[in-house]
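First up is the structure itself, then whatever we jot down about it.
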Amino acid sequence: QVHVAESGGGLVQPGESLRLSCVISEGRVEHFGIGWFRQAPGKDREAVACVSRGDGSPAYKDPVKGRFTISRDSAKNTVTLQMASLRPEDTAVYYCAAIHTGRPCAEYDSYAYDYWGQGTQVTVSS
C-alpha cells in the first residue's frame, strides 16, 4: 500500500523559513501527483502547492506564490515544500497527499487525492 508521511513542522517567528518534507513509500514519487494542503483552526482545508506526475510541473496558490517552493527529489522519493517569509496566517496543519492522475495536479481539489499523510503542525508566531 502507498504510504505518505510529512515531517518538518514546528514553531517559527514571522519572516523565518521552514522546510517540510513528504516521503512516499511503496511507490515512486514520480508516479504520483503530489499536493500540499493546509487547514487552520475553524477554516476549510485549502490547497497550497502541487507537483504533477511525470514532469513534476509545479503549481501554487496565490497566498504562497513567491514565498513557497515545491520540489521533487526522485532519489530520495520525497517532495519538499520550502517555505520562506512565513506569516502568522500561514499557521496550519500541513498535509501531503498523492494522486494517481497524470493530469495537471492543479485541476484537482483535495477530495480527489488518493493517499494522505497524518499532517504536521506549522505555527508562525512572535
Side-chain angles (χ1 to χ4, degrees):
Q1 295 181 344
V2 177
H3 185 257
V4 179
E6 314 95 330
S7 62
L11 173 64
V12 297
Q13 294 183 330
E16 293 185 339
S17 299
L18 200 61
R19 189 183 192 94
L20 304 183
S21 180
C22 174
V23 62
I24 309 299
S25 61
E26 302 298 329
R28 296 302 306 173
V29 69
E30 65 269 23
H31 293 168
F32 300 91
I34 305 294
W36 283 99
F37 301 84
R38 66 187 183 186
Q39 187 167 23
K43 295 187 176 181
D44 294 333
R45 183 168 56 197
E46 64 176 2
V48 177
C50 66
V51 288
S52 296
R53 196 182 80 186
D55 64 3
S57 299
Y60 302 92
K61 291 295 185 181
D62 288 343
V64 307
K65 286 182 178 178
R67 299 189 298 121
F68 291 10
T69 302
I70 188 169
S71 60
R72 188 175 68 187
D73 188 334
S74 295
K76 297 181 179 180
N77 216 42
T78 60
V79 170
T80 296
L81 186 68
Q82 179 66 49
M83 305 183 294
S85 302
L86 284 164
R87 306 164 180 168
E89 53 263 42
D90 294 318
T91 296
V93 177
Y94 283 70
Y95 298 91
C96 181
I99 189 169
H100 282 291
T101 183
R103 296 185 60 82
C105 59
E107 297 181 4
Y108 297 89
D109 206 343
S110 61
Y111 68 87
Y113 279 72
D114 299 294
Y115 310 101
W116 288 83
Q118 79 288 346
T120 185
Q121 177 71 48
V122 173
T123 302
V124 185
S125 177
S126 60

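The model shown is predicted, which means the values in this text are computed figures rather than measured ones. We number each residue from 1, following the sequence as shown.
By the salt bridge (charged side-chain N to carboxylate O under 4.0 Å, His left out) test, Arg67 is found to be paired with Asp90, residues two or more places apart in sequence or in another chain being considered. When the side-chain hydrogen bond (donor to acceptor under 3.5 Å, both in side chains) test is applied to Ser25, no partner is found at least two apart in sequence or on another chain. With sequence neighbours excluded, the residues that form a side-chain contact (heavy atoms from CB on, under 4.5 Å) with Val93 are Tyr95, Gln121. Under the rule for a side-chain hydrogen bond (donor to acceptor under 3.5 Å, both in side chains), Tyr113 has no partner lying at least two apart in sequence or in another chain. Looking at residues two or more places apart in sequence or on another chain, you find a side-chain contact (heavy atoms from CB on, under 4.5 Å) between Ser126 and Pro14. The side-chain contact (heavy atoms from CB on, under 4.5 Å) check on Ser71 picks up Thr80, with sequence neighbours excluded.
Considering every non-hydrogen atom in both Val4 and Ala97, the closest pair reads CG1-N, 4.5 Å.
A single hydrophobic cluster is not seen to contain both Trp116 and Val79; linkage of ILVMFWY side chains at heavy-atom distances under 4.5 Å, directly or through other members, places them apart. Met83 and Phe37 end up in different hydrophobic clusters when Ile, Leu, Val, Met, Phe, Trp and Tyr side chains are linked at under 4.5 Å. In this structure, Tyr108 is not a member of the same hydrophobic cluster as Ile70, with clusters built from ILVMFWY side-chain heavy atoms closer than 4.5 Å. Linking Ile, Leu, Val, Met, Phe, Trp and Tyr whenever their side-chain heavy atoms come within less than 4.5 Å puts Leu20 and Leu86 in one cluster.
You'll find the side chain of Ile24 stays beyond 4.5 Å of the side chain of Thr78, heavy atoms only.
Panel note: side chain Gln118, backbone Glu6; a donor-acceptor pair is recorded below 3.5 Å. Without hydrogens or angle criteria, Arg28 side chain to Ser74 main chain gives a donor-acceptor distance under 3.5 Å. In this structure, the side chain of Ser52 engages the main chain of Cys105 through a donor-acceptor pair within 3.5 Å.
Counting only residues at least two apart or on different chains, the side-chain hydrogen bond (donor to acceptor under 3.5 Å, both in side chains) pairs with a member in residues 7-22 are Arg19-Gln82. Within the structure, the salt bridge (charged side-chain N to carboxylate O under 4.0 Å, His left out) test picks out the following pairs touching residues 43-54 (sequence neighbours left out): Arg38-Glu46. Among residues at least two apart or in separate chains, side-chain hydrogen bond (donor to acceptor under 3.5 Å, both in side chains) pairs with a member in residues 56-65 are Asp55-Ser57, Asp62-Lys65. Sorted by first then second residue, the salt bridge (charged side-chain N to carboxylate O under 4.0 Å, His left out) pairs that include residues 106-126, not counting sequence neighbours, are Arg103-Glu107. Each ring pair (Phe, Tyr, Trp, His ring centres under 6.0 Å) pair with one or both residues in residues 3-22, not counting sequence neighbours, would appear here, but there are none.
The line from OG1 of Thr120 to CG of Leu81 is 11.0 Å long, rounded to the nearest 0.5 Å.
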Can you give each donor-acceptor pair under 3.5 Å made by side-chain atoms of residues 29-36, sequence neighbours left out, with the distance rounded to 0.1 Å?
none

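Here the options are Val12, Leu11, Val124, the test is side chain to side chain contact (heavy atoms under 4.5 Å, CB included), and the partner is Leu18; only Val12 passes.
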